[in-house]
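Scope of the values below: all heavy atoms of this structure, side chains included, with no hydrogens, waters or symmetry mates. Proteins get letters first, then strands, A, B, ... in listed order; numbering begins at 1 in each.
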Number of protein chains: 2
Amino acid sequence: MEEVRRPRGRPRKPVLLQAEPGLARLGLHERAVQRLRGLIVGGELPAGADLVETDLSAALGISRTPLREALKLLAAEGLIELRPNRSPRVTELRPGDVAALFEAIAGIERATAELAAHRMGEADLAGLRALQTEMEAHHRAGALAPYFALNHRIHGLIVAGARNAPLRDAHDALHARAELARRRALGRRARWDESVAEHRAILEALEARNADAAGRLLSEHVTHTGAALLAGLCPPAATDAA
Amino acid sequence: MEEVRRPRGRPRKPVLLQAEPGLARLGLHERAVQRLRGLIVGGELPAGADLVETDLSAALGISRTPLREALKLLAAEGLIELRPNRSPRVTELRPGDVAALFEAIAGIERATAELAAHRMGEADLAGLRALQTEMEAHHRAGALAPYFALNHRIHGLIVAGARNAPLRDAHDALHARAELARRRALGRRARWDESVAEHRAILEALEARNADAAGRLLSEHVTHTGAALLAGLCPPAATDAA
DNA sequence: TTAGCATTAATTGCATGCAGAGCACGAAAA
DNA sequence: TTTTCGTGCTCTGCATGCAATTAATGCTAA
């Protein structure tokens, strides 16, 4: 059934990651969550990979107990799938999942934008303006790499501006998976132009404290982004110049 | 600092819950999650209660390992709070949290209603109509208890009608905490009348496939519900309209 | 009597051990 | 050659054991 079927286990990824000096005050399971999340969205643990507890615990330098706790948490985020008496697997994003994901993010970010339009302070808006300026500079310079980082920070600032912990948490949980989809279909220059323009419009709506417009624009922006990702992901044909 | 400070541990709740014959095919940690969630939203485990691993594991008839996995998941849901080297505590809902919670639910349900307006089949709508009719019957009869169950099912049907798993998951995660707030402030007869009427308007919007109206009405409905709960919870005085 | 300190009991965090389930491989039969 | 059953190994799920951390308690001294 599956084309990418590992024999039984043993993806044999010599990941070997431990010793996080900065954030050492957290529990092992929490560090494992962060590390594994990074490995998954970073692509080091590819979609469909089997996560064998013994190997992973050895690679992370921890025992299976905190690792299993971390795996449960990642499964709750949807990054991996748990199957009874089977190795957990890194979730495979099907096009339908990506579409649903961005629908959900669009809805949540619209709600945050509407709240943020009323609740962001001038300092917040100034920060957003600065990021927008920086982003446009990168855009003009053609620096695509920093764009993603800026994009992430801008969306995060708007979400934080809503001052709503549940919405923030829900957004963060979905964002990891969205990042996972994002790295599959990057380099869409045309979409990049649109995206920067949309961000500017969103900023202006927030500055005008226009909640409806901010929410609508941000929702549409996320929807467009999702559609672009989906287009670059689902039918990769029609560009078979190779 | 805390008024409800248990000595050190030992809430000594002889909960003693296990042996779920129906859903025996799930892992122990998952059953523990469901059971504990029920105990928390049901009020058997009151807000602020210390959850000592040894006692709970004995009460549930499982060992500490799956229990700890369950506790991590409940903490991710926000139902309990984990503190380093301390017993987890059932989360105490402050008024600000309730307000934020219902803001978030309003935003998410609006998104689901907009999608559901396009995606619900005639069968779904028929089911909604039946529930609405039943609800109105209970309303006329003054049966308050079934109202909550119907209300829950109606909102669940709309959320399911959106055909969006991430939104459904996010909604479910928040819903447990909302239920927790709900059982604190019940018996608001006036709000009950409004609520039934709002539900009817939402149903009509969905039947008309009017996504904007459905989303707006449902969002407002949830907001009103949250406000009513908050009013019955935070300042029980100052009910000017009474 | 009160403040400070050492002691002690209890609880969490993590590691390890063991039994059960599932898959792969191989042998035997059609 | 293909199919089916048996065998063994690996991995998960759960329980238990041990050390570190914490808070309560009793003691001593001012």
With A/R153, which residues qualify under side chain to side chain donor-acceptor pair (under 3.5 Å), at least two apart? none
Under the side chain to side chain donor-acceptor pair (under 3.5 Å) test, residues paired with A/E69 that sit two or more places apart: B/R68
For A/L230 and A/P95 the tightest heavy-atom approach is CD1-O, 3.4 Å
Nearest whole Å is fine: how far is [N] [atom2] from [X] [atom1]?
{"X": "B/R83", "N": "C/dG13", "atom1": "CZ", "atom2": "C1'", "result": "16 Å"}
{"X": "A/N85", "N": "D/dC11", "atom1": "CG", "atom2": "P", "result": "14 Å"}
{"X": "B/L51", "N": "C/dT12", "atom1": "CG", "atom2": "C1'", "result": "13 Å"}
{"X": "B/E53", "N": "D/dT22", "atom1": "CD", "atom2": "P", "result": "15 Å"}
{"X": "B/D50", "N": "C/dA10", "atom1": "CG", "atom2": "P", "result": "16 Å"}

Could you pull out the protein-nucleic contacts involving nucleotides 5-8 of chain D (nitrogen or oxygen on both sides, under 3.5 Å)?
none

Please report whether the ring centroid of A/H171 lies less than 6.0 Å from that of A/H155. no
Can you check nucleotides 14-17 of chain D for protein contacts, nitrogen or oxygen pairs under 3.5 Å, and list what you find?
from, atom 1, to, atom 2, distance (Å)
D/dC14, OP1, B/L28, N, 2.7
D/dA15, OP2, B/S63, N, 2.7
D/dA15, OP2, B/S63, OG, 2.7
D/dA15, N7, B/T65, OG1, 2.9
D/dT16, O4, B/T65, OG1, 3.1
D/dG17, O6, B/R64, NH1, 3.4

Can you tell me if B/T91 uses its side chain to pair, donor with acceptor, with the backbone of B/L79 under 3.5 Å? yes
Which of residues 72-81 of chain B sit near DNA chain D, with a heavy atom under 4.0 Å from it? none
For the side chain to side chain contact (heavy atoms under 4.5 Å, CB included) test, which of B/E30, B/H29, B/K72 pairs with A/K72? B/H29
Has A/R86 got a side-chain N or O lying under 4.0 Å from the OP1 or OP2 atom of D/dC11? no
According to salt bridge (Lys or Arg N to Asp or Glu O under 4.0 Å), who are the partners of A/R37, at least two apart in sequence or on a separate chain? A/E77
